[in-house]
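Index from 1, following the sequence. Everything quoted here is computed from the prediction, not taken from an experiment. Order of appearance sets the numbers: ligands from 1, and atoms from 1 within every ligand.
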Amino acid sequence: MLTQLVHTQNLNNSEILALLRRANALLCQETAPLNLRAKNIVALFFENSTRTIASFQSAAARLQAHFSVFNVQKSSTSKGESLLDTLHNIEAMGVDLIIARHHHSSSAPYFAKHLKCAFINAGSGTLSHPTQALLDLLTLYNHFKGALEGKRIAIVGDIKNSRVANSNMELLPRFGMQVILVAPPHFLPPTSLPTTHSLQEALQEVDVVMGLRTQTERHSLQTYGSLKDYAKDFCLRRAMLGDRQIPLLHPGPVHRNIDIEDALLDDPRCLVLEQVKLGVFLRMALMEGLLTS
Ligand code: NCD
């Protein structure tokens, strides 16, 4: 059984479906969560986080596990200690699970390779964010009552720099979803998936839309005039959806009126907070699996 989640490819489709079912059972309180009181979890975040770290913390609390957040900013990494030494020292204190986020895309496989304890990638550079993609899948699975086959999803925004997009582009097609990438040319990665620069056109064709944040901290060269210019063409607006029942996802943090306009964030079709809610149960199910295998 899996003990390290580096990317979505670590889980096959039947393992993922079992995870979604378990998350839903926990959500509906059909069964009690496992009691992981004896387990020691450490979060090691080298990059900022609001939702992901709080979600893991909330999930761990519901499993009664001990959860601590290692203060990277105040650690000896600033005194020249190597990443690997920091990691090994934390592990030596008797940790059962390390949850890590780092700005380098290759950080997660590196951490997993050097750790003996269980490991979850909570976001590595621009490459992967498996638990976000899994909670997005759970949100879609529940919304469409399991009927994902043939559903078309537009992923809109800074796709090239988004680990959320990358993980979803791997995961969603495995469950029969058709992904269309919508972005200006400089935000599109090399891909075999269909792409368009026209948000209006894409919205006519899809069943669901996922907005993304413009990852300004990852741009070495600003290739667009301003975020306002970008928003003119790519901000998701309520008027664009008309009365179509198209659900809207976004991993957060949302740049209001750049990624999505205020009015659409308040619209019942917006599932952003549903994603956040479901994320806790998805992470509970995942931690149960990793810590009892
Ligand atoms: C994302 C991340 O950090 O990758 N947020 C999240 O985890 N929910 C998306 C982002 O930062 O844009």
Side-chain angles (χ1 to χ4, degrees), residues 5-8 23 43-60 69 72-73 98-109 111 119-140 153-172 181-184 186-189 209-220 222 224 227 230-231 234-236 248-260 265 270-284 286-287:
L5 182 70
V6 174
H7 38 63
T8 45
L44 201 63
F45 276 51
F46 293 86
E47 243 190 33
N48 292 348
S49 172
T50 300
R51 275 150 295 274
T52 305
I53 199 160
S55 178
F56 274 113
Q57 194 154 20
S58 172
V69 180
V72 173
Q73 276 73 31
I98 288 181
I99 302 168
R101 166 175 286 193
H102 196 280
H103 47 272
H104 278 302
S105 293
S106 53
S107 57
F111 290 167
F119 170 75
I120 298 175
N121 172 12
S124 53
T126 59
L127 207 63
S128 57
H129 193 347
T131 60
Q132 180 67 44
L134 289 165
L135 77 86
D136 293 340
L137 180 72
L138 176 60
T139 308
L140 293 166
I153 179 168
I155 302 184
V156 184
D158 188 359
I159 297 157
K160 188 162 101 181
N161 294 298
S162 168
R163 54 192 173 213
V164 175
N166 271 321
S167 287
N168 272 307
M169 283 150 62
E170 194 285 319
L171 185 66
L172 302 182
L181 307 182
V182 186
H186 46 273
F187 286 164
L188 280 175
V209 56
M210 177 185 289
L212 298 171
R213 181 179 65 94
T214 310
Q215 312 271 311
T216 38
E217 75 277 23
R218 303 194 203 280
H219 300 166
S220 50
Q222 191 175 320
Y224 51 92
L227 283 181
Y230 165 81
F234 293 96
C235 181
L236 289 154
L248 166 67
L249 274 63
H250 190 298
V254 175
H255 283 162
R256 282 178 172 263
N257 303 307
I258 303 288
D259 315 338
I260 308 174
L265 283 165
C270 175
L271 300 185
V272 170
L273 293 179
E274 181 69 7
Q275 289 171 269
V276 174
K277 177 176 136 190
L278 292 177
V280 174
F281 297 95
L282 185 280
R283 291 182 171 114
M284 285 173 77
L286 179 66
M287 289 196 283

For ligand 1, is P253 a contact, meaning one of its heavy atoms is under 4.0 Å away?
yes
As a check for students: among R51, E47, H255, H129, identify the option with a heavy atom nearest to atom 7 (O) of ligand 1.
H129
Among Q275, H250, R213, closest by heavy atom to atom 11 (O) of ligand 1 is R213
Any nitrogen or oxygen of P251, main chain or side chain, under 3.5 Å from a nitrogen or oxygen of ligand 1?
yes
I'd like to check which ligand 1 atoms, numbered from 1 as shown, lie under 4.0 Å from a non-hydrogen atom of T52.
6 (C), 7 (O), 8 (N)
Quick one: do H250 and L265 satisfy side chain to side chain contact (heavy atoms under 4.5 Å, CB included)? Show the steps, please.
CA-CA 10 Å; H250 190 298; L265 283 165; over 6 Å; no
Please answer whether the main-chain N or O of S106 pairs with a side-chain N or O of H104 as donor and acceptor at a distance below 3.5 Å.
no
One finds that the ligand 1 atoms under 4.0 Å from a non-hydrogen atom of R101 are 2 (C), 3 (O), 7 (O)
Measure from the ring center of F234 to the ring center of F187 and say whether it is less than 6.0 Å.
no
Please say whether G252 places an N or O atom under 3.5 Å from an N or O atom belonging to ligand 1.
yes
Salt bridge (charged side-chain N to carboxylate O under 4.0 Å, His left out): pairs with one or both residues in residues 155-166, sequence neighbours excluded:
E47-R163
Does the S162 side chain pair with the main chain of A165, one donor and one acceptor, at a distance under 3.5 Å?
yes
Applying salt bridge (charged side-chain N to carboxylate O under 4.0 Å, His left out), name anything that partners R51, two or more places apart in sequence or on another chain.
none
Closest protein heavy atom to atom 4 (O) of ligand 1, given as residue, atom name and distance to 0.1 Å
R163 NE, 2.7 Å
